[in-house]
Each structure stands twice: as C-alpha cells, then as structure tokens.
Q: 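Structure below; questions to follow.
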Amino acid sequence: MACWIALHLPCLALEIASPLTSLTSRPSPIRADGLAGTEGTGGTGDVQADTTVVLAQSRVWQASEAVQAAGVQPGMRRGGVLALLPQARFHDRDEAAEALALEALALALLRFGPDVAIAAPQCVLIDVAPSLRLFGGLASLAAQVLESAEALGHRASLGIAATASAAALLARAAEAGVAHVDPHAPTSQDMQAAMKSRASRRSIVPVSKSAAKPAVTSGAALSFSSGHPEPLLPPPFAALPAQLDPLPVALLPEAQPWLDWLAQIGCATLGELRTLPSAGVRRRCGAALLASLSRAYGETPEAPAWYRAPPHFEAVLPLPSLTHDVEVLLFGLRRLLAQLTGWLAAGQLATRALTLILEHEPLGRETVAPTRFDIRLAEASAAPGHLLSLCKERLARSPLVAPVLTLRLDVTQTAQYVPQSGSLLPEPGRERQDFVQLMERVAARLGDEHVRRLQVRGDHRPEAAFVSVPYGVSPEAGSTSASNRHLPDTVSALPPRPAWLLDAPQRLSLQQERPWRQGPLQLVSGPERIEAGWWEPGTVTRDYFIAADTTGALLWVFRERPVNGADAAWYLHGLFG
C-alpha cells in the first residue's frame, strides 16, 4: 500500500530572511492529519516581536505574525507597509537560499526512506510505505518527520495520502487552516488521542502541552475498540475522493491562472472541478490542470524527480549573529547533524571521524584562523545524539578565541553501517557499545592524548610489537604500517611471552661463560631466534631463552649474535609472573 508524507514550509522565505528567530526559539509546527503539535521552547514572544517583511518584486511576499497583526497583507507595497508599521524590516526574497534549505531538509529526510522528492512550492515529499514498521508505525514516523523539520528551524505543515500530489495538497490545506468535512473521517480529537496513545507506548512522539491550534485531519483511517485508539493506518486509494473533494481549488498550482473564471462558474472545490466536462475544461484551461488533478486522485501515474544525496558530505551554517555562546553553537550543530544522519542513512554508512570548523570574525585588520576540532570515534556511529555529545565535550574544554561567524561540518572517514542486534533480555550498562561511547566521551573531554590504549603491531621485535595510540584511532589504522608488509599471512603460535617487559634490555654479566644475575642463570628453554627490523633502523639479531635464577624466578633473556667478530652479550628483557 502506497503512503506519502508531504511537508510544506509556509514560512520558508521568512525563516531565511530572519534566521535569528528560528535559531533562538523553536517554532511550533502545524500538525495535520491528526498529529498533535508541540509548542516551541522559546515561547511566542520572540515571534511577535519580529517585524520582518519579505518582498518579491517590491511587494509583500511573506510577513511575520507581528506585521500581519498590524494589518499588512500579501501584495502590499513598501509604502503601505511603512504607513502601518514604520519599524518594519524589509528583506528581498532569496530563492537560491530557499532551494538550498529544501535540499537540506530533503537530505535530513533520507533517514526515513530512499525516495524523497522536492516539489514546488516549498514542499518536500517522502514515500514512507517501506519504512512504517522500521519507525514504529505511521503516527511515530510522522512525528519524527516533523521533528526533523523542526530541528532544521522550519515551521511545517504535514499531509498524508496515498499519492504524492494529494499529500502535498493536504499539507498546503493544513497550513491554510481548511477544515475537513468528510463525515466518515476521524475528528481532530480522535487523531490527537491516537498520537497520545502512541507516545505512551514508544516515548518518541512528542505530545503538545496545549491544544491551542487544532490539527487538520486528512482522512487517514483510524479503528477503535472499546474506546481505545489503535495505531494510525495509511490511508487507502479509496479515501482520496473523501480527502480531496472538499479542498479549495485555489490550492492546485495549475489552477492559479483560472481562479477568476472558476469562481464565476461557481467551481470552488476540487470535487466540483472533477464534475466539470473534461473536454471543455481542457479547451479552456489546457491539459496541465486536468493532468495534475488526475495525478492527485491516483488516476494517472506520478513521476517525481527524486532527490539524491551528494557523494561527499559537507554542511555549512552561517550564524545570524556573532556569538560566544556554546549553547547557540550546539543548537546550530543539531541542524548539521540532522543532515548528516540523512546522508549516512542514504549510503548505509556510519562515521568514524568528523571535522567541526568554527570560522571567526576578523579582529580589526587581522584575520583569525578557523578553530578546527577533529573528532575521532573508536567505533563507527550514525547516532546524532552521540555525535552531538562528543562535539559538546570538545567545545566545552576549548575556549573560543573570537566570536563565531560560521559553522562547518565535514565527514573525513566513514565505514559500512552494521546494525546492532537486539537482545531479548538486555542488561543495561554491560553492553560493549555503552563502554565504547563512555570512552569516546572521556577522550572528548580530556583530549585524545590523555586517553590511550595498547595496539598490537605486526612486528617480531618485542619492543616494537605494540604501540600506544589514542583511544579513538581505529585498529585498522595501524595495520597499514610499513612493518606489516614483511609478515606472512598466517602466523604460527608463538612461544611464551613474559607479562613484564623492561623498558630497555638490561645487560647481564658473564661468569664462567654463563649469564649471571645475583647468581648463575640456568637456561630452561630456547633458543627462539628473532631477526627483524632490517627494513628500518633498529635491526635485531637475537636468540631468546627462558632462564631460571637461584630463587626459581623465570626470566626472559637473550644473547646477541656476534656481528663482525664482536663478542656475544647477554641481556635481561622480561620477567615472567
């Protein structure tokens, strides 16, 4: 069964012109199709105080709520706006920035499915039918889709339908506040009850603290038993007429040039438009209007232009104002990580290393070098919460040299994503992944140079057989060193090795041609010949023995093989436990 979710961004031009509002306060999304809205953390005071006006061809395109409350309407000229609100701040519409914002949202939504498309005007579509079970059902998935748009700083309206065009129309209708008149569809209260029931079971669907804005339904089917709502089900094709017929014909983009003619003949809704003779409508309005109507009702196939993720991830976020506040940087970083999560999901990848770059404002005539944070992970991860915690630890221990102007996030190393298998009876705190994430956070807080581990190297020389590396360095990094290419593919079992290896071999004295250490040493086993290091300085030619001293302690000693006629010398290299 097909199921499409459409996100419409009604205030996209305003959000780009006034990013400070969306960065410092989270706007509450318009939740349609029975999804309960969430109130922003910043309250409504910041939005009401905003006096931004976006102009397109010298006329009002979008305006903030405070400006609209003063009487400003779309299409007004600059002089009329100033007469009503002298303190209004004007911005020209930036269509290129809007296109980039839609691409960033499409990239973030790739984590919910591979089929994502950008549709005009200001709409992103996603086919969620294959992903419903993975994300816990339609209600949970729709809530997470809205959260992704909110994380990127967008106020979005949502529509759910069996076709992409119908979902886009329902999303625009939700933004316009069009009431649903289908008597067989569930009410707004029923939809919100289903969302609350879903949230109580999965703890990932946010529930609104107030129901000031009623949700607009889309005709999605709900079934009830004994008064308890069941999970939200995908709307079938048969529900399309009930969903679309009551919608105003003005929502259809192809109908915009013919709205006056349609109003004169009394055609106000999509259902009434369908009842008109198709031959006459085609002669009067062309074939595009009826073709779009047929696609919305599922009568003809659709061919969306799918969005494809770029081959390399690099996201940039210019901040609306200079800041020293780490919390503001983290809020902006959440937007970049939301895009990163979608990019990783599209390629079935996880990241091993990130680079966070903070670009600063020049100090006078002196340019300040960007602050660079290289974040390495011991195990590849695609969890945005874990990546954000690592970035937070690094930012907390590094003071900023100058106010930050731009955030930049780059992925420097990736690996194939391997999903973790769940356990029937998990034991919290005992999973290896928990320990690895703890060590990564400790390394991010204290610095990579203070959290290290031993890593085995492919070298027969005992003093070179291991190396101390930062904890975040992957084990594969050391396997490509020059010392490994001289080893065979199969390594046989080695003789016993001591638990304590001296930092430097200790030369032993000789008495009666026997090694001496507080008494004569008795050779128990050996020799084990080691000849290695000829490819670099530090060549060794040694014969190792296990020896016992007069107290019975076992020692690991070796004798240097004589070179150029020199006498052989004995050394103590390790102690057995």
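Starting from 1, each residue takes its place in the sequence as its number. Note that the structure is a prediction, hence the values are computed from the model and not measured.
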Q: Distance from Gln122 atom CD to Arg172 atom CZ, nearest 0.5 Å?
A: 8.5 Å
Q: So His312 and Trp343, would you call those rings parallel, tilted or perpendicular, with 30° and 60° as cut-offs?
A: perpendicular
Q: Give the minimum heavy-atom separation between Pro235 and Ala161, together with the two atoms involved.
A: CG-CA, 3.8 Å
Q: Is a donor from one side chain sitting under 3.5 angstrom from an acceptor on the other, for Glu302 and Thr163?
A: no
Q: Determine yes or no for a side-chain-to-main-chain donor-acceptor pair under 3.5 angstrom, with Arg111 supplying the side chain and Gly342 the backbone.
A: no
Q: Do you know which two heavy atoms are closest between Ala13 and Glu98, and how far apart they sit?
A: CB-OE2, 3.2 Å
Q: Is it true that atom CD of Gln57 has more than 12 heavy atoms of other residues, nucleotides or ligands lying nearer than 6.0 Å?
A: no
Q: Could you note down all residue pairs passing ring pair (Phe, Tyr, Trp, His ring centres under 6.0 Å) where residues 96-118 supplies at least one of them, sequence neighbours left out?
A: Phe112-Phe135
Q: Regarding Ser148 and Gln144, do their side chains bring together a donor and an acceptor under 3.5 Å, going by distance alone?
A: no
Q: Taking the side chain from Gln339 and the backbone from Leu152, do they hold a donor-acceptor pair closer than 3.5 Å?
A: no
Q: Can Glu15 and Arg155 be counted as an ion pair, charged N to O under 4.0 angstrom?
A: no
Q: Distance only, no hydrogens: is a donor on one side chain within 3.5 Å (strictly under) of an acceptor on the other, for Asp50 and Thr52?
A: yes
Q: Taking His360 for its side chain and Ala402 for its backbone only, find out whether a donor-acceptor pair lies under 3.5 Å.
A: yes
Q: CG of Leu12 to CD of Glu95: how many Å apart, nearest 0.5 Å?
A: 10.5 Å
Q: Which heavy atom in Leu354 sits nearest to a heavy atom in Thr351, and how many Å separate them?
A: CD2-OG1, 3.5 Å
Q: Would you give the length of the straight line joining atom CG of Leu317 to atom CZ of Arg334, rounded to the nearest 0.5 angstrom?
A: 13.0 Å
Q: Does the side chain of Leu85 reach to within under 4.5 Å of the side chain of Val53, using non-hydrogen atoms?
A: no
Q: Would you say Glu359's side chain and Pro318's backbone share a donor-acceptor pair under 3.5 angstrom?
A: no
Q: Can you name the closest pair of heavy atoms from Ala6 and Ala171 and give their distance?
A: O-CB, 3.7 Å
Q: For Ala315 versus Leu336, what's the shortest heavy-atom pair and its separation?
A: CB-CD2, 3.7 Å
Q: Are the side chain of Thr341 and the backbone N or O of Leu337 linked by a donor-acceptor pair below 3.5 Å?
A: yes
Q: How long is the span from the CG atom in Leu105 to the CD1 atom in Ile118, to the nearest 0.5 Å?
A: 8.0 Å
Q: Can you measure from CD1 (Ile126) to CG (Leu7) and round to the nearest 0.5 angstrom?
A: 8.5 Å
Q: For Glu314 and Arg408, indicate whether the former's side chain and the latter's backbone hold a donor-acceptor pair under 3.5 Å.
A: no
Q: Backbone N or O of Ala288 within a donor-acceptor pair of the Glu254 side chain at under 3.5 Å?
A: no
Q: Heavy-atom count around Arg397 CZ within 6.0 Å, excluding the residue itself: above 12?
A: yes
